[in-house]
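This structure is a prediction, so every number in the text was calculated from the model and none was measured.
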Amino acid sequence: MMMDLRDRLSGWLAYSIVALISIPFVLWGIGEYFQGGNDAPVATVNGQEISAQALDHAYGQERQRMAQAFGGSVPPDMLEGMGIKRQVLDSLVLREVLRQYAHEQGLRVSDAELAAVLRGVPAFQENGAFSQQRYEQALGLQGQTPVSFEADVRQDLVLEQLQRGIASSAFGVDAEIDGFLRLRGQSRGVEVYTVPAAPRRQAIKPDDAALQAYYAGHTPDFRRAERVRLEAIELSVDTMAASMQPGEEDLRRAYEDYLSREQQRERREARHILITPAADGDMAAARKQAEELRDRLAKGEDFEALAKAFSKDPGSAAEGGRLGVVERGMMVEPFEKALFALKQGELSEPVQTEFGVHLIRLDGIEQVKPKSLDEVRDAMLKDARHRMAEERFHDLTDRLATLTYEQPDSLKPAAEQLGLQATSTGWMTRDKGDGIGSEAKVRGAAFAPEVLEQGRNSDLIDLGNNRGVVVRVAEHEAAADQPFEAVRAEVERRVVEQELARVVEGDAASLREALARPGAAEDTLARLGVSRGFTGEIKRVGEKAVDPAILRAAFSAGRPAADAPLATSVRLATGDMAVIRVLSVTDGDPAAVDASERLAIMDEMRQNLGMNELSAFIAHLRARAEITQRQDL
């Protein structure tokens with residue numbers, strides 16, 4: 001269990017809140033609602049105001065989250081086009097609706113429950129234990145006080161309590177589970193006929209009048225999107241590294257770094273005993289038990305025997321606590337720190353992590369022998385080039401950003417001063433492009449008003465992976481209708497496909513009708529050039545013999561009568577039309593499913609029902625609340 005638990009915590013405050021709260025539609029605390037201010041409310045819920053300040057705070061968090069997800073900044077017009085601010089306000093309104101209901105129902109979180117949660121946040125711990133000083137310092141860095149933070153967390157826990165109470169109240173009954181199992185295990189006897197598209201497509205020859213008529217009726221569909229070509233100065237560490245010429249001193253530095261990394265790769269054989277807290281999260285009792293076990297070990301009791309008897313780590317307890325070989329970076333930080341501070345054969349003091357309290361014994365140390373410089377010279381040259389390129393990259397990007405800002409009407413002065421080359425791109429629209437035009441951030445900058453309309457250089461755009469670029473618009477073309485001859489091929493393609501769909505669907509209808517009349521099918525099959533393909537039983541789950549589209553159509557059809565097979569059809573991705581004749585239906589047998597699988601299905605059904613009930617309950621609360629919202633966002 002412990003081998004994959006490395007926790008590289010970043011953005012600890014957000015992590016702490018999200019780790020505590022599981023309500024999927026809200027990420028923000030509510031303390032901002034009640035801070036007052038002179039700004040007019042952006043919404044009211046049963047008379048309770050949501051301030052513009054609260055909305056700005058929540059919107060800023062969402063904008064930051066999206067920027068991180070996209071690897072950089074997100075253009076404001078993109079956020080506006082997506083209606084993000086409206087979505088954020090809807091979330092705040094919904095949260096307030098739930099808060100009021102929870103308050104009406106008397107839902108509360110005790111001081112002990114709140115304290116247990118805060119004690120379990122790693123960012124507030126020092127040496128595995130809660131630290132009041134670190135807690136206050138951490139909150140101060142986030143501009144919060146313990147009073148406001150604890151109020152927010154307490155409210156989040158109340159809403160989590162409400163959600164769980166509703167979602168966990170659902171239950172599945174045996175009749176519903178039996179019905180599900182009959183459907184899941186169902187098989188159907190089918191015949192499949194394919195109306196081929198290729199010969200029908202080849203036979204369709206629209207004349208010029210038909211093409212002109214289609215173009216006249218669909219001219220906006222062929223409108224060319226607004227587009228630009230750019231000039232760009234791009235910097236990349238990978239590209240620059242190829243031209244770097246490291247000397248012996250650079251090589252020596254790279255090798256010293258290699259030796260340092262190899263030293264960090266020291267491997268350790270270890271065992272541990274994990275004591276987990278009780279259901280109430282009380283870590284003090286777990287620590288006390290760990291201390292008692294340590295005393296017993298100090299008096300000579302066998303570590304392996306105690307690990308088998310008391311450790312709660314399912315991955316190592318049965319093996320006497322053996323973890324095997326451990327390297328740095330494989331464990332959570334408090335565990336790793338304690339392990340790599342031990343001497344061989346030494347037993348640690350109790351070590352607290354988010355999983356519980358550990359006793360760790362170091363059984364062996366395996367040193368990794370580094371290779372000689374001659375053995376790794378090629379790799380060291382590569383590292384040295386990359387290091388030199390990184391140093392050069394950071395200097396050049398700073399200077400490039402400054403020069404292109406100070407001389408915003410051209411890239412040429414910056415290129416000349418820095419010894420760089422400006423390049424040209426192909427055409428790109430707001431939605432797509434090639435090369436750097438495939439980067440959403442580049443397109444966003446290119447179509448920003450100051451670049452597109454004012455003709456200025458863009459800011460330096462961080463493309464990630466040590467790549468940066470400054471662009472300016474070299475050529476701009478507004479959206480425009482394209483003449484018929486320029487789009488003739490696409491018009492013809494659409495006309496052919498439209499007619500093809502009509503033909504294959506008509507032929508499929510004729511075949512379905514013929515299959516329903518005894519003796520009529522053979523003539524129709526011959527006339528349409530169709531032969532019977534797959535024949536046999538297909539399963540609803542795990543079927544590999546037929547196209548998924550055919551499978552869905554076959555199981556979406558009704559249940560045929562004994563003497564009256566059903567026929568249905570579906571268009572395939574190839575353009576062909578499949579006609580499926582359903583001959584028989586055999587339901588699955590609920591009795592064939594063992595008890596453990598049945599329980600698992602019941603649990604999943606209960607969870608799904610619970611979430612549906614929660615969604616319906618939330619919709620009900622919102623419908624009955626008196627809500628006003630600004631409409632100009």
Side-chain angles (χ1 to χ4, degrees), residues 170-200 498-595 597-598 600-602 604-606 608-609 612:
F171 61 90
V173 298
D174 285 339
E176 291 173 329
I177 296 170
D178 286 347
F180 169 78
L181 292 173
R182 290 189 190 96
L183 285 174
R184 190 186 70 169
Q186 190 180 92
S187 63
R188 296 191 168 205
V190 300
E191 295 174 347
V192 179
Y193 303 84
T194 302
V195 178
R200 289 163 172 78
Q498 179 177 278
E499 178 62 13
L500 176 63
R502 186 190 67 79
V503 170
V504 295
E505 287 169 6
D507 288 349
S510 296
L511 181 55
R512 291 198 307 270
E513 181 182 354
L515 289 170
R517 291 184 284 112
E522 293 304 322
D523 289 344
T524 304
L525 289 171
R527 177 173 60 82
L528 297 177
V530 174
S531 60
R532 186 168 64 188
F534 176 87
T535 300
E537 293 280 327
I538 58 174
K539 299 175 293 185
R540 184 185 292 273
V541 177
E543 182 60 63
K544 305 292 184 183
V546 301
D547 187 299
I550 294 174
L551 191 69
R552 287 192 295 270
F555 282 93
S556 297
R559 187 181 292 264
D563 58 347
L566 292 177
T568 187
S569 56
V570 62
R571 188 84 183 272
L572 304 180
T574 59
D576 297 341
M577 200 79 178
V579 176
I580 306 109
R581 195 180 189 209
V582 182
L583 306 174
S584 63
V585 175
T586 303
D587 289 333
D589 181 9
V593 177
D594 63 38
E597 185 179 359
R598 188 180 181 90
I601 292 170
M602 180 181 290
E604 183 176 355
M605 184 178 291
R606 181 189 60 79
N608 290 336
L609 289 171
N612 289 337

Checklist entry - Mind checking whether V570 and M577 have side chains closer than 4.5 Å, heavy atoms only? => result no
Checklist entry - Taking NZ, NE, NH1 and NH2 as the nitrogens, is one of them in D587 or R540 under 4.0 Å from a carboxylate oxygen of the other? => result no
Checklist entry - For the side chain of E543 and the backbone of A545, is there at least one donor-acceptor N/O pair under 3.5 Å apart? => result yes
Checklist outcome for this item: Checking V579, L566, T524 against R512 for side-chain contact (heavy atoms from CB on, under 4.5 Å), the one that qualifies is V579
Next on the checklist: Pair D174, M602 - check side chain to side chain contact (heavy atoms under 4.5 Å, CB included), show working.
Outcome noted: CA-CA 9 Å; D174 285 339; M602 180 181 290; 4.0 Å; yes
Checklist entry - Any side-chain heavy-atom pair from L572 and D547 closer than 4.5 angstrom? => result yes
Checklist entry - For the residue pair A197 and G575, what are the closest heavy atoms and their distance? => result CB-O, 3.4 Å
Item to check | side-chain hydrogen bond (donor to acceptor under 3.5 Å, both in side chains) partner of Q186, the single match among R182, R188, R184 | outcome: R188
Next on the checklist: Quick one, L551 and I538 - any side-chain contact, counting heavy atoms below 4.5 Å?
Outcome noted: yes
Checklist entry - If you round to the nearest 0.5 Å, how far is OG1 of T194 from CZ of R532? => result 12.5 Å
Checklist entry - Going from CD1 on I550 to OG1 on T568, what distance comes out if it is rounded to the nearest 0.5 angstrom? => result 11.0 Å
Next on the checklist: Using 0.5 Å steps for rounding, measure from the CZ atom of F555 to the CG atom of L183.
Outcome noted: 10.0 Å
Item to check | More than 12 heavy atoms of other groups within 6.0 Å of E604 CD | outcome: no
Checklist entry - Run the side chain to side chain contact (heavy atoms under 4.5 Å, CB included) check on E537 and S584 step by step: do they pass? => result CA-CA 9 Å; E537 293 280 327; S584 63; 3.8 Å; yes
Item to check | Pair D507 + R200: basic N to acidic O under 4.0 Å | outcome: yes
Item to check | Criterion side chain to side chain contact (heavy atoms under 4.5 Å, CB included) on T535 and V192, from CA distance to verdict | outcome: CA-CA 6 Å; T535 300; V192 179; over 6 Å; no
Next on the checklist: If you compare all heavy atoms of A564 against all heavy atoms of P560, which two are closest, and at what distance to 0.1 Å?
Outcome noted: O-CB, 3.6 Å
Checklist entry - From M605 CE over to I177 CD1, what is the distance, rounded to the nearest 0.5 angstrom? => result 5.5 Å
Checklist entry - Is a side-chain N or O of R581 found less than 3.5 angstrom from the main chain of L515, in a donor-acceptor match? => result yes
Next on the checklist: Can you give me the closest heavy-atom contact between R527 and S510, atom names plus distance?
Outcome noted: NH2-CB, 4.2 Å
Item to check | Euclidean distance, R552 CZ relative to I580 CD1, rounded to 0.5 Å | outcome: 11.0 Å
Checklist entry - Can L525 and L511 be said to form a side chain to side chain contact (heavy atoms under 4.5 Å, CB included), step by step? => result CA-CA 7 Å; L525 289 171; L511 181 55; 3.5 Å; yes
Checklist entry - Looking only at heavy atoms, which two atoms of V582 and A557 are closest? And how far apart? => result CG2-CB, 4.2 Å
